[in-house]
Number of protein chains: 2
Amino acid sequence: MTDANAFDLNTFLPYRLNAVAGRISRAFAERYREEFGISIPEWRVLVHLHQGGDVSVRDIEARVDMEKSKVSRAASRLEAAGYITKAVNDSDRRLLLLRLTPQGEALVARLLPVAIAYQEEMKAKLGPLVEGLEAGIAVLLDDGK
Amino acid sequence: MTDANAFDLNTFLPYRLNAVAGRISRAFAERYREEFGISIPEWRVLVHLHQGGDVSVRDIEARVDMEKSKVSRAASRLEAAGYITKAVNDSDRRLLLLRLTPQGEALVARLLPVAIAYQEEMKAKLGPLVEGLEAGIAVLLDDGK
DNA sequence: AAATATTTATTGCACATGCAACAAAGTCAA
DNA sequence: TTGACTTTGTTGCATGTGCAATAAATATTT
């Protein structure tokens, strides 16, 4: 009956998951802000454009775990900064056609190595535990379904 | 040389970690908002008060991974709602003495089973993978140090 | 003791966010 | 074709957030 009294936030899985993710994200965001002046939403859009070619806001919303308004605003900032262009998709004029400019491509080329290095740091810290962590994440993200 | 081109956000560990944590947190927050009308910062303060007895803002900041302004505002909302009281600590009048009211205690008594059930759902979904996930999280949180 | 430095909690400010409302474009049905 | 419905992207609004500045209390130094 003291079960409830014994509850400890520091062993509570949702809390711990949130705490790690927050720290990793903050560190990552800080590095990106300092070195490149961009935010995480902006970085996600850039990377998605880089891998996917021409893409609409809707595509990014679906694949990158962001609300459409967040995507829209990130895209506007990137356009203002000269990293992407927005054009109308002529086959469906509701859709935007987001595209990297040469400066955008150049930026991504500089961003990616930093991201990969950051991931490597994480993996190095984890050592053989990476696999377990990734397996757990995969289940929670329902990757299979 | 196509390494950089092959970069895929969906296999990027920091991104995946952030995505899971976000989904878990959103679901958790929604449940708490609907059932009890409180936010995650508020829930953290409540739980910490429940486990720790009388506590200051600073204590919570240190142990619960929240900025002091966030703690302060959560505490003010909880006070307005009648779940906690703020008093001055007489041995050091800079410190607040946060304490659960009877209503606060009653609320926590209702909150905790829901939290524990939620965690159990997660663990059930994970099955034997829980251990790997928890081990990975522990390393990234530097629990040892 | 007096002056200076530090600690604690709150608040003002700028900014990001989610949600709902909206306009424009497209689809579908009759 | 017309009218109702859906989809897409943007924006207004209310709210939450981090950071810096602040006031009050305490600690430290001389």
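- If you take NZ of Lys68(A) and C1' of dA20(C), they are 10 Å apart, rounded to a whole angstrom.
- Not counting sequence neighbours, the partners of Arg23(B) by the side-chain contact (heavy atoms from CB on, under 4.5 Å) test are Asp65(A), Leu141(A), Arg26(B).
- Shown here are the side-chain contact (heavy atoms from CB on, under 4.5 Å) partners of Arg94(A), two or more places apart in sequence or in another chain: Asp92(A).
- Bounding nucleotides for the chain A contact on DNA chain D, 5' to 3', at a heavy-atom distance below 4.0 Å, are dT7(D) to dC13(D).
- Residue pairs meeting the ring-ring contact (aromatic ring centres under 6.0 Å, His included) criterion with at least one partner in residues 87-108 of chain A, sequence neighbours excluded, do not occur; the list is empty.
- The CD atom of Glu67(B) sits 14 Å away from the C1' atom of dT11(C) (whole-angstrom rounding).
- Phe12(A) is linked by a ring pair (Phe, Tyr, Trp, His ring centres under 6.0 Å) to Phe7(A), Phe28(B), Trp43(B), counting only residues two or more places apart in sequence or in another chain.
- Scanning residues 17-34 of chain B for heavy-atom distances under 4.0 Å to DNA chain C yields an empty list.
- In this structure, His50(A) and Leu112(A) have side chains that are in contact, with non-hydrogen atoms separated by less than 4.5 Å.
- Within residues 70-86 of chain A, the residues having any heavy atom closer than 4.0 Å to DNA chain D are, in order of number, Ser72(A), Arg73(A), Lys86(A).
- Within the 4.0 Å cut-off from OP1 or OP2 of dT8(C), at least one side-chain nitrogen or oxygen of Arg58(B) is found.
- Within the structure, ring-ring contact (aromatic ring centres under 6.0 Å, His included) pairs that include any residue of residues 57-102 of chain A do not occur (at least two apart or interchain).
- With rounding to whole Å, Arg94(B) atom CZ is found 6 Å from dT8(C) atom P.
- Applying the salt bridge (charged side-chain N to carboxylate O under 4.0 Å, His left out) definition to pairs two or more places apart or across chains, those involving residues 33-46 of chain A are Glu42(A)-Arg77(A).
- Rounded to whole angstrom, the span from the CE atom of Met66(A) across to the P atom of dG18(C) amounts to 8 Å.
- Taking the side chain as every heavy atom from C-beta outward, Leu49(A) and Ile84(A) approach each other to under 4.5 Å.
- In this structure, the side-chain contact (heavy atoms from CB on, under 4.5 Å) partners of Thr11(A), at least two apart in sequence or on a different chain, are Asp8(A).
- With sequence neighbours excluded, the residues satisfying side-chain contact (heavy atoms from CB on, under 4.5 Å) with Lys86(B) are Ala75(B), Ser76(B), Glu79(B), Leu96(B), Leu98(B).
- Residue pairs that meet the salt bridge (charged side-chain N to carboxylate O under 4.0 Å, His left out) test with at least one member in residues 107-123 of chain B, sequence neighbours left out, are Arg31(B)-Glu121(B).
- When each of Asp92(A) and Ser69(A) is assigned the nucleotide of DNA chain C bearing its nearest heavy atom, the one mapping closer to the 5' terminus is Ser69(A).
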